[in-house]
There are 2 protein chains.
Amino acid sequence: MTKVQASEDKDYVQSLVRGLEVIRTFSRYKPRMTLTEVAQQTGMTRAAARRFLLTLVREEYAETDGKYFALRPKVLDLGFAYLSSLPMWEVAQPVMRDVVNALQESCSLAVLDGLDIVYVARVPTERVMTIGLSIGSRLPAYCSSMGRTLLAGLPPAELAAYYDRVKVERRTERTVANMVALKDAIEASRRQGWTLVDQELEMGLRSIAVPVRNRRAEVLAALNVSTHEGRTSIEAMKTRFLPVLLDAAQRISAALPQ
Amino acid sequence: MTKVQASEDKDYVQSLVRGLEVIRTFSRYKPRMTLTEVAQQTGMTRAAARRFLLTLVREEYAETDGKYFALRPKVLDLGFAYLSSLPMWEVAQPVMRDVVNALQESCSLAVLDGLDIVYVARVPTERVMTIGLSIGSRLPAYCSSMGRTLLAGLPPAELAAYYDRVKVERRTERTVANMVALKDAIEASRRQGWTLVDQELEMGLRSIAVPVRNRRAEVLAALNVSTHEGRTSIEAMKTRFLPVLLDAAQRISAALPQ
DNA sequence: ATTATCTTGTGCGTAATACGAACAAATGCT
DNA sequence: AGCATTTGTTCGTATTACGCACAAGATAAT
């Protein structure tokens, strides 16, 4: 039986999807592009790409100097609509600053999205990872402390679906890269209610995470602290960082709107 | 002469614009909505709103429980496309953390967008403002230190256009709320190359900002440090904070890609 | 349990949107 | 100057998206 394509679905607005694809085409490596470049990157005809770009310019989501197009800050409003709709978002930030004040290490909040975690709040101290992290950044869930925490909080069917889709690969020589070991690690996270990941995502990076739950004990987000392996021992993370994180997660949960 | 409506423009894709309006409808106060609520909020027919919502769900920008719709983290990718395309974004963050380490106060980076400033990076310490601030947050430009810094960096014609559009109003009893005084303040910012705003946006809030320039000396963004009036005197901001900020802005400028 | 009200799902005819090809115009390179 | 590449524009039309009307489902009131 032929699978119905999205565009054959009578309730699908493909002009919206195509326009969003144009926005997503811009990146660190392509901060500004010509009309022809956008068409090439998106696989659209030049005429179509042109209409989307001019529409984005007209609505102030993008700008042009007559040749090159670039996104404008109004695009952030779209993401901000999501952030501000998160129940824990407003209350998490002061709690996270308290964590940073107490431990002098970066603190982050993330949610699960597909195979990734997505950062929704962050109070950075000294840089720990090679790449800069910010709201909106994505990392693979299988080898990050917040990722494993969030996976551990999934209902069994969703976790099984995740295992079916994920392709684990070594990011460092310490990465857990076989499914049996990964499942064991996530089960351990579930049982002990926190997750410590040591240099699996990047050498030198050590982080510990706990779940943030709602009143029905569902896992909404993960909260972590990350440090450099030279600065903090695993034992210190368990004895000093974990109690602060558990308390912080509890405070966030308690402050959630009804 | 009748003004041409956007939708009469042959190069305008109104389905994209309408779909983006659906995304923007979600907020802190409406984190989840029914189909009928979205239609009411956006002024669309129910059928149209339904198609946009189902399309967003299909593309994983939104989710539904069968009745209520909510945005998903994928929406952050749209804003992230903008953030990651900013030339100073990657290099600014470690510099801002150095500022926070040196001064123990929140440090932010913002750009101008219309009448507002929009936060594009932030390293918060203790909460200074009543509302939580984050990447994507907007504040009026006329009564914020980063706003006046960015306005001061505008070409004369753009600044004149801003003056034509802005409606200044008191946010506190200290807010500069007449155009002559505002223009003087911005001209002073331009001349001295930094801006200090004391309790004009909110009582208790004191902040100082400097411009971040590119190699052609154009102002790309503003960098600030904010504190509480009870914690730091104006004199201390000038003698202790300003040199650190000027140095930081210089380091960001120096690290910009060619 | 029944009825009323409100919300959502769906089909369908069609208005109008968005399409893409083709050609003109502009720009950039040699 | 000539050529290559990119962009702007027009236009016929394919197809998309529309909105109305009615059916179906859910919820609230009695």
Side-chain angles (χ1 to χ4, degrees), chain A residues 2-26 29-72 258, chain B residues 2-26 29-72 258:
Chain A
T2 309
K3 181 188 176 189
V4 174
Q5 295 297 320
S7 57
E8 286 165 5
D9 183 337
K10 57 181 173 21
D11 294 319
Y12 188 78
V13 185
Q14 73 169 337
S15 292
L16 168 60
V17 174
R18 300 180 93 204
L20 296 175
E21 281 307 309
V22 168
I23 292 174
R24 296 169 65 91
T25 301
F26 290 87
Y29 306 105
K30 296 187 189 308
R32 36 202 284 285
M33 285 184 280
T34 65
L35 164 59
T36 298
E37 284 170 331
V38 171
Q40 284 168 344
Q41 289 295 123
T42 55
M44 295 177 192
T45 63
R46 238 193 351 97
R50 181 168 182 274
R51 283 190 293 267
F52 287 117
L53 286 167
L54 292 182
T55 303
L56 289 170
V57 171
R58 169 71 75 98
E59 296 297 323
E60 302 181 312
Y61 290 99
E63 65 192 355
T64 183
D65 62 4
K67 182 178 173 69
Y68 286 98
F69 292 85
L71 294 179
R72 290 189 63 182
Q258 189 65 10
Chain B
T2 308
K3 181 187 179 191
V4 174
Q5 294 299 319
S7 57
E8 286 165 6
D9 184 338
K10 56 183 170 23
D11 294 320
Y12 188 79
V13 184
Q14 73 169 337
S15 293
L16 168 59
V17 175
R18 298 179 93 205
L20 295 175
E21 281 306 308
V22 167
I23 293 174
R24 295 169 67 92
T25 302
F26 290 86
Y29 306 103
K30 295 185 189 311
R32 36 203 284 286
M33 284 183 281
T34 65
L35 165 58
T36 299
E37 286 170 329
V38 170
Q40 284 168 342
Q41 289 295 123
T42 56
M44 295 177 190
T45 63
R46 238 195 347 99
R50 181 169 182 273
R51 284 191 294 270
F52 287 118
L53 287 168
L54 291 182
T55 302
L56 291 170
V57 170
R58 170 70 74 96
E59 296 297 324
E60 302 180 312
Y61 290 100
E63 66 193 354
T64 182
D65 62 6
K67 182 179 172 70
Y68 286 96
F69 292 85
L71 293 179
R72 289 188 64 183
Q258 190 65 8

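A, B, ... follow the sequence lines: proteins, then strands. Residue 1 opens every chain. Computation of the quantities below employed the complete heavy-atom set of this structure, encompassing side-chain atoms and omitting hydrogens, waters and symmetry-equivalent molecules.
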Roughly how far, to the nearest 0.5 Å, is CD of A/Gln14 from CD of A/Glu21? 12.0 Å
Let me know, please, whether A/Arg50 or A/Leu16 comes out on the 5' side of the other along DNA chain D by nearest nucleotide. A/Arg50
Distance (rounded to the nearest 0.5 Å) between B/Thr64 OG1 and B/Phe69 CZ: 4.0 Å
Nearest listed nucleotide, side chain of A/Lys67, among C/dA18, D/dT6, C/dT10: D/dT6
Closest to the side chain of B/Ala47, out of C/dG20, D/dG19, D/dA17, is D/dG19
Based on the rotation axes of five pairs at each end, what angle does the helix from C/dA1-D/dT30 to C/dT30-D/dA1 bend through, to 10°? 60°
Is the side chain of A/Thr25 donor-acceptor paired with the backbone N or O of A/Val38 at a distance under 3.5 Å, no angle test? no
To the nearest 0.5 angstrom, please state how far the CZ atom of B/Arg46 sits from the OG1 atom of B/Thr34. 10.5 Å
Which nucleotide in the list D/dC18, D/dG19, D/dT16 gets nearest to the side chain of B/Arg18? D/dC18
Looking at B/Arg46 and C/dG9, is any side-chain donor or acceptor paired with a base atom of the opposite kind under 3.5 Å? yes
For DNA chain D, which residues in residues 31-41 of chain A have a heavy atom at a distance below 4.0 Å? A/Thr34, A/Leu35, A/Thr36
CG (B/Leu20) and OG1 (B/Thr42) are apart, to the nearest 0.5 Å, by 12.5 Å
When you measure from the side chain of B/Val13, which nucleotide among D/dC18, D/dC20, C/dA18 comes out closest? C/dA18
Assess whether side chain to side chain contact (heavy atoms under 4.5 Å, CB included) is satisfied between B/Arg58 and B/Leu54, documenting all intermediate values. CA-CA 6 Å; B/Arg58 170 70 74 96; B/Leu54 291 182; over 6 Å; no
What do the steps show when you test A/Lys30 against A/Glu37 for side chain to side chain contact (heavy atoms under 4.5 Å, CB included), and what is the final call? CA-CA 9 Å; A/Lys30 296 187 189 308; A/Glu37 284 170 331; over 6 Å; no
Can a side chain N or O of A/Gln14 be found less than 4.0 Å away from OP1 or OP2 on D/dA17? no
Interatomic distance, B/Arg24 atom CZ to B/Gln41 atom CD [nearest 0.5 angstrom]: 13.5 Å
May I ask you to evaluate whether B/Ser15 reaches the phosphate of D/dT16, defined as a side-chain N or O under 4.0 Å from OP1 or OP2? no
Contact class for A/Ala48 vs. all strands (heavy atom < 4.0 Å): base, sugar-phosphate, or nothing? sugar-phosphate
What distance separates B/Leu16 CG from A/Tyr61 OH, expressed to the nearest 0.5 Å? 8.5 Å
Write down the distance between CG (A/Asp11) and P (D/dT15), rounded to a whole number of angstrom. 19 Å
